[in-house]
Amino acid sequence: MWWRRGVVYEVYPRSFQDTDGDGVGDLRGVAGRIQYLARLGVDAIWLTPFYASPMRDFGYDISDHCAVDPSFGTLEDFDALVAAAHAAGLRVVLDFVPNHTSDRHPWFRESRASRESAKRDWYIWRDGNPPNNWIAVFGGSAWQWDEATGQSHYHAYLPEQPDLNWRNPEVRAAMLAVLGFWKARGVDGFRVDAMRQVLKDPQLRDNPAAESWSGAPDRYDSLIPRFTTDLDEVQEVVAAIRAEIGDAHLFMAEVTAPIERLVRYYGTAGEGAHLPFNFHLLWVDWRPEAIADLVERYEAALPDGAWPNWVLGNHDQPRVASRVGAGQARAAAMLLLTLRGTPTLYYGDELGLVDVDVPPSRVVDPDGRDPERSPMPWTGSPGRGFCADGVEPWLPFGDPALNVAEQESDPRSMLALHRRLLALRRSSADLLEGAYETIAAGGGVLVYRRGAGTAVSLNLTSQPAVAPVSGSVVMTTGLDGREGEVIEGSLLLRPGEGAITAAG
Ligand code: GLC
């Protein structure tokens, strides 16, 4: 199970590397950057959807699960990418989107054609306009009225993303076959999208109001999604997907849920996901007490045999360096890469990228996520090495000073820090496998032990702070020569500084 020691790197293909001059990244571009990723020291890349799609939700609206969208290339490009990754020792994880398709998918076209269609029941059609009070994640009613057949279809996301009916055995079989198609092409695992959503209440009971909500009434958060997400029966679908994925391939699942619900997605006897994403670091208060409490609650809730995992950023969330501030970005990186479990690193976070201002005229995402999807800056040139100079990138770039080339030449850059942390992690049994134990959480510092011999101290404030540890310094986030310093009971940390020490 390589993923227990591995680090997963999320590539958003639209934003990684353009090679065909359209300002949109493509699969050949990713293949051309494999050496960069191998050198960074990650173990796997997770590619967000590159399948045929009208791109209403930038690939999460799929019109053919087994074809590459022309804007990303061809199946041959995909095969070449997998071969290049494997040759460099990297695994490839694909996004699998079971909950919905595009409304242009042939299945939905057939389903919509008439009430008698053989595929009518492949989607969720009901009488009424709307049939109940359910609200879409992106806002507004989750039902779209179809004049021609006099019924509404359910969509958890955009109206153009109709939800599949996973209670229909033909749908299950057809979707599980998609996993088989990609396994046969040599991929190493799947990240399963919107896992909690795949089944909804067959009685269509109204979702209850969220009492704390004071915003607009048609927003997703105005209701508690009791009858649309995380139904107990979802575990049957998780088990079916796990059976198809098997044990030689990784099964990561997108599960946004409180810890006690999240850990159910591991299953208890090999019928759950290997890694249900733990998103809680995305929302935790950036204070030592809150982080220690989160880590302890998560560790305690893990079922026997379950392997933990941590996430600090992804294509749906503001960038970590924007959330916690540039002064904390290094401590955040050290935290992510030294907690127990598999980390997922979002492309560009290794450079400390921040959210990019997107003027209203350039906004393209239906849910405000453009700022964290700005293309990867490889150089400081006008096209940032992402696309040719003079080509308009699909989203604007940020600060030209923040780029890979610049950081490659700076031995103390964020990139250098990530390489160092990833290399250390790979060579440290304590960091790979050692138990987690909080040593101190207060006074602005978080200190924890990993295994018998390694401690991590993080100053989560903008003031100097003292960590109660002893031993010798292995590395610090500043990469500025503190290695070997001997600490006797108190380690003075600069603002936002982190240090890894070995027990003396
Ligand atoms: C997941 C994806 C997100 C997408 C949604 C609908 O949350 O991460 O980007 O919009 O599912 O597929």
Side-chain angles (χ1 to χ4, degrees), residues 8-16 25 45-65 69 93-105 108 123-124 134-140 142 144 153-164 166 175 178 190-200 219-221 225 228-230 234 237 241 251-257 262 265 273 275-280 282-283 309 311-319 344-347 355 363-374 394-395:
V8 178
Y9 183 96
E10 178 185 354
V11 172
Y12 195 71
R14 286 186 83 75
S15 294
F16 210 57
I45 54 173
W46 149 34
L47 297 166
T48 61
F50 52 80
Y51 318 109
S53 165
M55 302 290 166
R56 299 300 299 255
D57 189 16
F58 294 104
Y60 283 97
D61 49 326
I62 299 172
S63 54
D64 183 345
H65 295 96
D69 192 81
V93 175
L94 299 196
D95 223 301
F96 175 60
V97 186
N99 183 67
H100 45 268
T101 67
S102 161
D103 62 346
R104 312 265 186 90
H105 195 293
F108 187 72
Y123 292 84
I124 300 171
W134 293 352
I135 291 180
V137 175
F138 296 153
Q144 176 74 14
H153 79 254
Y154 176 72
H155 56 90
Y157 295 88
L158 293 173
E160 296 87 352
Q161 290 170 296
D163 277 41
L164 283 163
W166 272 80
M175 286 303 290
V178 172
F190 299 91
R191 172 268 188 191
V192 179
D193 186 69
M195 190 71 256
R196 292 180 311 160
Q197 262 98 324
V198 292
L199 295 177
K200 4 276 160 183
R219 305 307 301 169
Y220 184 68
D221 290 342
T228 43
T229 68
D230 199 20
V234 167
V237 177
I241 291 176
F251 174 8
M252 312 178 88
E254 185 194 24
V255 181
T256 305
L262 168 65
Y265 286 75
L275 302 176
F277 274 130
N278 168 9
F279 292 131
H280 289 273
L282 292 165
W283 303 304
N309 78 92
V311 176
L312 264 185
N314 65 32
H315 63 287
D316 295 327
Q317 298 294 328
R319 290 262 179 198
T344 299
L345 182 61
Y346 183 47
Y347 86 90
D355 291 339
V363 167
V364 287
D365 182 57
D367 201 33
R369 297 165 295 186
D370 298 325
E372 61 263 26
R373 297 176 177 179
S374 174
W394 78 285
L395 282 175

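In this chain, residues are counted from 1 in sequence order. One-based numbering, in listed order, for ligands and for the atoms of each.
- Under the 3.5 Å distance criterion, with hydrogens and angles disregarded, a donor-acceptor pair is assigned to the side chains of Y157 and Q197.
- Using a 4.0 Å cut-off to heavy atoms of E254, the atoms of ligand 1 that qualify are 1 (C), 7 (O), 8 (O), 11 (O).
- If you number the atoms of ligand 1 from 1 as listed, the ones under 4.0 Å from a heavy atom of R369 come out as 3 (C), 4 (C), 9 (O), 10 (O).
- Neither side chain, N278 nor N309, offers a donor N or O lying under 3.5 Å from an acceptor on the other.
- A donor-acceptor pair shorter than 3.5 Å cannot be found between the side chains of D69 and S53.
- We find that R369 and D57 are joined by a salt bridge, their nearest charged nitrogen and carboxylate oxygen being less than 4.0 Å apart.
- At a heavy-atom distance under 4.0 Å, only side-chain atoms of F138, from C-beta outward, approach ligand 1.
- Counting heavy atoms closer than 4.0 Å to ligand 1, residue R373 contributes side-chain atoms (C-beta onward) but none from N, CA, C or O.
- Closest to atom 9 (O) of ligand 1, if we only count protein heavy atoms, is D316 OD1, 2.7 Å.
- Near H100, meaning under 4.0 Å from any of its heavy atoms, are these atoms of ligand 1: 6 (C), 12 (O).
- Closest protein heavy atom to atom 10 (O) of ligand 1: D57 OD2, 2.6 Å.
- Ring geometry, F58 versus W394: the interplanar angle falls from 30° to 60°, so the pair is classed tilted.
- The closest protein non-hydrogen atom to atom 11 (O) of ligand 1 is D193 OD1, 2.8 Å.
- What sits closest to atom 5 (C) of ligand 1 on the protein, heavy atoms only, is Y157 CE2, 3.6 Å.
- By the 6.0 Å and 45° rule, R373 does not stack over the aromatic ring of F16.
- At a 4.0 Å cut-off, at least one heavy atom of R191 sits close enough to ligand 1 to count as contact.
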Derivation and outcome, side-chain hydrogen bond (donor to acceptor under 3.5 Å, both in side chains), residues H315 and Y60: CA-CA 12 Å; H315 63 287; Y60 283 97; 3.2 Å; yes
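- In the vicinity of Y60, heavy-atom distances shorter than 4.0 Å reach the ligand 1 atoms 2 (C), 4 (C), 9 (O), 12 (O).
- Not a single donor-acceptor pair under 3.5 Å links the side chain of Y12 to the backbone N or O of L47.
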